[in-house]
Amino acid sequence: METLQRTHRDVTQQLLNKIQTKEAVIGVVGLGYVGLPLAVEKAKAGYKVIGFDVQESRVDMVNDGINYIGDVVDEELAMLTSTKQIRATTDYSLISEVDAVAICVPTPLDIYRQPDTSYVESSGKEIARFLHEGMLIVLESTTYPGTTEELLRPILESSGFTCGKEFHLAYSPERVDPGNKVFNTKNTPKVVGGVTPACTKVASALYRAVLEGEVHEVTSPSVAEMEKILENTFRNINIGLANEMAILCDKMNINVWEVIDAAKTKPYGFMAFYPGPGLGGHCIPIDPFYLTWKAREYNYHTRLIETAGEINNSMADFVLERSMKILNQEKKAMNGANIVILGVAYKKDIEDMRESPVIPILEKLDTAGARFTVVDPHVKTFRYMGGIVETHELSKEVLENADLVLLTTDHSAFDYELIAQHSPVLFDTRNAMKEHSSKVKTYHLL
Ligand code: SAJ
């Protein structure tokens, strides 16, 4: 036993030394909005970095120093690749050259709204083929508690090496908020949970050598997996509450935005969330349902999470019903109406369409026989009903021809003065017109 322990201790110490001296070669699997910024930070910290991605186009762009991620500084990537501090490849055999590797691949839901961990599994299998003694593997993708130890660990141990003896394994959730000008990969605190204390130690040592933010150690990968899910479920539930308040305030003829602004005056014990046309993005609508799925294994029904999801998903119907009532007040039918949609991205000031809540609204308008024109300064075209829809420029003519202008995404780039002046009837689902609503001929607020 003593011999084994010593070997394990040697293996850990050897890796700690390589991290300390920056000799360690770092791998990053998945060069997306999480992986590429992480690769850049690790290279800037002085480590040789090998990026792995299945998309040849991404690998070529990285190797040519061409940036495609908003949060990465173009010049930094160009410099790091020209000096070969970072190189990218589709060839996983280079894992044999790597001392530590972070897995930053997507964890979406499949068509049955069940976790799709296929990217984690395929990455793990590739890494296992070239895994060698002393390596550290850290999973960063958001996933259900248990993934690292129940799913990834056996895949990696199929290499014949044992976790906690010949290699190290930990989980550390990504906390990348694309476009956030204050918090980025470098300065956002990081949570790390290893399979063994030695695994936690080496993973934390590497993050501390690279990042500025606090590195918070927890006792297991499951704790780290669960805390990440809690972070985003917290948002999902509270947005659901804001949406339920909006539905009720509408029935009671109370301005929900005024209610929330008043509640916000409480300096403790309250955090403002706002109603909207629904809940989009690749995290908040998805992550809680990784937990819902896992909870079934323990015969537990996550009632609160599912109810919040139902409320958030019901906002499309709520917006449609309100739109019908507004048109009715104008003695117009939804069927045949010309609706101008302001904003189709899932949230303001980005072009991301993933899980956009506006898409279900468009589908419902279609079904009701309405025609729609979409205006979004960040989205030129988007996929809809198997085809491609082109967005329009915001103009006086587009607005004046509308039977109803429906504001769904409150982009800063919108000319709200123009919208106020030329929208005959406006339904604002984001309270984006607060400074201009008095100038709108007929104004309705969610
Ligand atoms: N939304 C509301 N009301 C709100 C806040 C958001 O309806 O009060 C809607 C948004 O319009 C959007 C969806 O919810 O459709 C999600 O918005 P989000 O602000 O949560 O933004 P995301 O999806 O980009 O979430 C990311 C998350 N970051 C990570 O997972 C690393 C989340 O944890 C961050 O808190 C969030 O960014 C952020 O604060 O910007």
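Computation of the quantities below employed the complete heavy-atom set of this structure, encompassing side-chain atoms and omitting hydrogens, waters and symmetry-equivalent molecules. All ligand and atom numbering here is 1-based and tracks the order in the structure. None of the values given here were measured: they were computed from a predicted structure.
With distances taken over non-hydrogen atoms, the option nearest atom 40 (O) of ligand 1 out of Asp177, Ile239, Val34 is Asp177.
Atoms of ligand 1 found under 4.0 Å from any heavy atom of Phe273 (numbered from 1 in listed order, with element): 8 (O). Taking every non-hydrogen atom of Arg175 and a distance limit under 4.0 Å, the qualifying atoms of ligand 1 come out as 31 (C). Close approach of ligand 1 to Leu279 is summarised as follows: ligand atoms under 4.0 Å from at least one heavy atom of the residue are 13 (C), 14 (O), 15 (O). Those atoms of ligand 1 with a heavy atom of Cys283 less than 4.0 angstrom away are 30 (O).
Considering backbone and side-chain atoms alike, Glu174 places every N or O at 3.5 Å or more from each N or O of ligand 1. Considering backbone and side-chain N/O atoms, Lys347 comes within less than 3.5 Å of an N/O atom of ligand 1. Residue contacts with ligand 1: Asp287 is placed with no nitrogen or oxygen under 3.5 Å of a nitrogen or oxygen of the ligand (distance criterion only).
Within 6.0 Å of atom CZ in Arg303, 12 or fewer heavy atoms from other residues, nucleotides or ligands are found, so the atom counts as exposed in its surroundings. Atom NZ of Lys48 sits in a crowded spot, with more than 12 heavy atoms from other residues, nucleotides or ligands closer than 6.0 Å.
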Exercise. Which is it for Lys44 and Glu76 under the salt bridge (charged side-chain N to carboxylate O under 4.0 Å, His left out) test, yes or no, and what are the steps along the way?
Worked result: CA-CA 8 Å; Lys44 280 166 66 180; Glu76 285 187 356; 3.2 Å; yes
Exercise. Could you go step by step and tell me if Arg235 and Asp177 meet the salt bridge (charged side-chain N to carboxylate O under 4.0 Å, His left out) rule?
Worked result: CA-CA 14 Å; Arg235 284 185 77 74; Asp177 178 25; over 6 Å; no
Exercise. Going through the distances and angles, do Lys294 and Glu150 end up as a salt bridge (charged side-chain N to carboxylate O under 4.0 Å, His left out)?
Worked result: CA-CA 12 Å; Lys294 185 64 176 176; Glu150 297 165 13; 2.6 Å; yes
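Below 30°, between 30° and 60°, or above 60°: for Phe273 and Phe234 the angle between ring planes is above 60°, a perpendicular geometry.
Both the sub-6.0 Å distance and the 45° axial angle are satisfied by Lys190 relative to the ring of Tyr207.
Residue-level proximity to ligand 1 for Val176 is carried by the backbone, the only part with a heavy atom below 4.0 angstrom. Heavy atoms of Arg430 found under 4.0 angstrom from ligand 1 belong exclusively to the side chain. Residue Lys228 touches ligand 1 through its side chain alone, judged by heavy-atom distances below 4.0 Å.
Annotation: atom 2 (C) of ligand 1 to nearest protein heavy atom, Tyr274 O, 3.6 Å. For atom 32 (C) of ligand 1, the closest non-hydrogen atom on the protein side is Asn232 OD1, 3.6 Å. Counting protein heavy atoms only, atom 16 (C) of ligand 1 is closest to Gly280 O, 3.4 Å. In terms of protein heavy atoms, atom 12 (C) of ligand 1 is closest to Tyr346 O, 3.3 Å. In terms of protein heavy atoms, atom 25 (O) of ligand 1 is closest to Ile284 CG1, 3.8 Å.
Salt bridge status for Glu231 with Arg175: present, with a side-chain N to carboxylate O gap under 4.0 Å. Ion pairing between Asp287 and Lys228 fails under the 4.0 Å rule for side-chain N and carboxylate O.
Ring centers of Phe372 and Tyr384: under 6.0 Å apart, within the cut-off. Separation of the His282 and Tyr33 ring centroids falls under the 6.0 Å cut-off.
Ligand 1 lies within reach of Arg235, whose nearest heavy atom is under 4.0 Å from it.
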